[in-house]
Each structure stands twice: as C-alpha cells, then as structure tokens.
Amino acid sequence: MLGIWGVRLYAAEIVYAKAVRGKNYDEMETNLKKALALRSGVDNYYVALAQVYLAKAVELSHQTNPDVNAISALMAQAVNAAKQATDISPKSVLILSNLATMYENAAAIIPDARNWAVKILSSAKDLEPSNPILWWRLGNNNLLAGNKEEAVKNYREAVSLKRDYVAAHLGLAVSYEQNGEFDKANDSYQTALSLEPSNVEALFNYGRLLFNRNGKGDRAIAEKVWLQVIQVQPNHSNALYSLGLLYEIRGSKTLALQYYYKVKDLNPGNKDITNKINSLVNGR
C-alpha cells in the first residue's frame, strides 16, 4: 500500500510539473485536474488551479464582446478552488498570501475581488500579527476598496512594527491625503523621504500634495521637489508637465512651454499636451 501511495504521489508531482510548464490554460487546467485526481489533498494544486481559472476569466474579459456568464462561471470556479486550498491549509500564511495576490490581480476586472483580497489578508495577519508586510498589503487593499479609515489603521500598524518601512509611510500619506488631512500627509511624506531621499515617485507625489494644498510657500517647495525629480529622472513626464503647469500659473509662458514641449517629445501621440501647447501659444 505504501508503494502504491508513493507511486501516486510521484505521478501527481510529475503531472503538476507538466501543468506548470503548460503552453496554454486549457492544458494547464487538464493536468492540474489529473494531479488532483491522483493526490487531492495538496493545497498548491488548488492554488494553481484557481490561478488558471482566474487567468482564463481575465483573458475572456479582454475580448471585444466578453461573455459575462462565462467570466462569472470561471470566477466561481477560481473561488471554489481557492476555498479548497484554504480548507486544506487554513493556517498557511503563504497560501493565503498567494491567494490574496491572485485576487489583487483580478480586481481590475472583477470589483468583488478586492474585498476577497481584504478578507484573505485579514486572515493572514491574524495568523502573523507581527508581520508588517501583511498589514501594509491590507492597507493597500482597503485603500483601493475605499475603506480609507481602515487603511490608515493598517498602515499605522505596519509603521509601528517597522519604523523605517518607507512603503507604509507612503501608503499612510496617500490615505491621509484622500481623507483631506493634508498636514498629516505632509508629515508622512517627509518621514518617507527622510528614509529614502531619492525615491522619485515619493518626491513627485510630495510635490503634487504641496501644489494642491497651496499653503504659504507650498508651491515654491513643490517647484524645488519637481526639479529634483527631473534631475534624477530627466524624462519623468508627470514632473515635467507639473512644472509646466506651475510656470503657466505664475505667468511664465515661455518657461511653461519649454516643459510642455519636453512632455510632447516624450509622448508624441498625446493630443492633450498638443492642445495644451496650442492653447498657450495662441493665447486662449
């Protein structure tokens, strides 16, 4: 009996490996089902099957006239396979983390997937409450789901566990900004930049916050920050455009156009920047 079990285990792993290397989703699905028929109690097999169903749903959604019923059916299969994986290993943070990633990737086409990711990550952080990455990811998903207050709590917990966690400080800054708490957002950006001064996206968004807040001296600082961005990354279109807008508001038409033309060179097919330049040139 042990010999038979060993043969089935080995055969299942061979078929699973073949599934992972599959050339298309149908082939992968077929081989994963074969692997599960040989060895039904393996969580990773179900995770892989869930990922295949999800990938097929995403592929269908990109068609010209997507079949909504077919997509829903595939998502139901993905959820069922994921549930079987968590039933087998309910305390595996790795399995839960992988499933959360799967749902995060699906959220662009299936809104409910974001809430599934929140639920899965909540279970994972309950198992590992001292893991700052889980709190950070939970914050990201709550923020994207519109749960701003929960996101702030999640990011704060991540920062309390890891004081130099730049990504968590930046998440906190975005959450505060979306809540209209601009001063707190400012403090969080400054903390993040004190830890990682050359983080280009953090610098750009810090400048954007100051520009929008428009308090005393804010836009002068925003200008310095954006100039720092393009010194590090000369082709940063958003920073170049923002500088153009800042100079246009100040009435420095020639300087504004210099930056707008740079944006146009980087994005030759962008009609918005072309219209912006024409409007400024023609004085409209």
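None of the values given here were measured: they were computed from a predicted structure.
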* For Val42, check side-chain contact (heavy atoms from CB on, under 4.5 Å) against everything at least two apart and list the hits. => Arg39, Asn44, Tyr45
* side-chain contact (heavy atoms from CB on, under 4.5 Å) assessment of Asn115 paired with Asn141 -> CA-CA 8 Å; Asn115 293 323; Asn141 283 280; over 6 Å; no
Between [X] and [Y], does any side-chain N to carboxylate O distance fall below 4.0 Å?
X: Glu104; Y: Arg114; value: no
X: Arg250; Y: Glu223; value: yes
X: Lys83; Y: Asp87; value: yes
X: Lys153; Y: Glu149; value: no
X: Asp218; Y: Lys216; value: no

* To do: Apply the test side chain to side chain donor-acceptor pair (under 3.5 Å) to residues Glu150 and Asn147: give CA-CA distance (whole Å), side-chain angles for both, the deciding distance (0.1 Å), then the verdict.
  => CA-CA 5 Å; Glu150 281 301 310; Asn147 307 322; over 6 Å; no
Can you find a heavy atom in the side chain of [X] that is under 4.5 Å from one in the side chain of [Y]?
X: Thr86; Y: Tyr46; value: no
X: Asn105; Y: Gln51; value: no
X: Asn179; Y: Val152; value: yes
X: Leu209; Y: Phe182; value: yes
X: Trp136; Y: Glu157; value: no
X: His236; Y: Phe204; value: yes

Between [atom1] on residue [X] and [atom2] on residue [Y], distance to nearest 0.5 Å:
X: Ile71; Y: Leu54; atom1: CD1; atom2: CG; value: 11.0 Å
X: Ile120; Y: Leu99; atom1: CD1; atom2: CG; value: 5.5 Å
X: Trp226; Y: Leu245; atom1: CH2; atom2: CG; value: 7.0 Å
X: Leu203; Y: Gln231; atom1: CG; atom2: CD; value: 11.0 Å
X: Asn275; Y: Leu280; atom1: CG; atom2: CG; value: 12.5 Å
X: Leu38; Y: Ile14; atom1: CG; atom2: CD1; value: 11.0 Å

* Does the side chain of Tyr247 come under 3.5 Å of the side chain of Gln258 through a donor N or O and an acceptor N or O? -> no
So does [Y] get a backbone contact from the side chain of [X], meaning a donor-acceptor N/O pair under 3.5 Å?
X: Asn282; Y: Asn278; value: yes
X: Ser242; Y: Asn238; value: yes
X: Lys125; Y: Asn131; value: no
X: Asn80; Y: Ala76; value: no
X: Asn267; Y: Asn270; value: no
X: Ser252; Y: Leu255; value: no
X: Thr191; Y: Asp187; value: yes

With clusters defined by side-chain heavy atoms of hydrophobic residues (ILVMFWY) lying less than 4.5 Å apart, directly or transitively, does [Y] cluster with [X]?
X: Leu144; Y: Leu172; result: no
X: Val79; Y: Met102; result: yes
X: Leu227; Y: Tyr241; result: yes
X: Val174; Y: Trp135; result: no
X: Leu94; Y: Ile133; result: no

* Candidate pair Glu201 and Val229, rule side-chain contact (heavy atoms from CB on, under 4.5 Å), full reasoning -> CA-CA 8 Å; Glu201 289 309 309; Val229 170; over 6 Å; no
For the student: nearest non-hydrogen atoms of [X] and [Y], plus distance:
X: Ser237; Y: Val263; value: O-CG2, 3.8 Å
X: Leu36; Y: Leu49; value: CD1-CD2, 3.9 Å
X: Pro90; Y: Leu96; value: O-CD1, 4.2 Å
X: Ala168; Y: Val159; value: CB-CG2, 3.7 Å
X: Ser122; Y: Leu138; value: OG-CD1, 3.7 Å
X: His169; Y: Leu195; value: CD2-CD1, 3.8 Å

* Asked: Yes or no on side chain to side chain donor-acceptor pair (under 3.5 Å) for Tyr206 and Asn186, after CA distance, side-chain angles and deciding distance?
  -> CA-CA 7 Å; Tyr206 178 47; Asn186 177 76; 3.2 Å; yes
* Asked: Could Lys262 and Tyr259 be counted as a cation-pi pair, given that NZ or CZ must be under 6.0 Å from the ring centre and within 45° of the axis?
  -> yes
* Asked: Hey, does the Lys NZ or Arg CZ of Arg219 hover above the aromatic six-ring of Phe211, less than 6.0 Å from the centre and inside 45° of the axis?
  -> yes
* **Test log, rule side-chain contact (heavy atoms from CB on, under 4.5 Å), inputs Thr30 and Lys34** => CA-CA 6 Å; Thr30 298; Lys34 287 180 181 178; 3.9 Å; yes
* To do: Take Asn140 and Arg137, measure what side chain to side chain donor-acceptor pair (under 3.5 Å) needs, and give me the verdict at the end.
  => CA-CA 5 Å; Asn140 291 344; Arg137 289 185 63 188; over 6 Å; no
* Asked: Can you list the steps and then say if Arg208 with Glu177 is a salt bridge (Lys or Arg N to Asp or Glu O under 4.0 Å)?
  -> CA-CA 11 Å; Arg208 180 188 49 75; Glu177 185 177 359; 2.5 Å; yes
* Let me see the working for Lys56 and Glu59 under salt bridge (Lys or Arg N to Asp or Glu O under 4.0 Å), right down to the final yes or no. => CA-CA 5 Å; Lys56 291 176 76 171; Glu59 191 175 72; over 6 Å; no
* Residue pairs passing the ring-ring contact (aromatic ring centres under 6.0 Å, His included) test where at least one lies in residues 69-125, sequence neighbours excluded -> Tyr103-Trp116
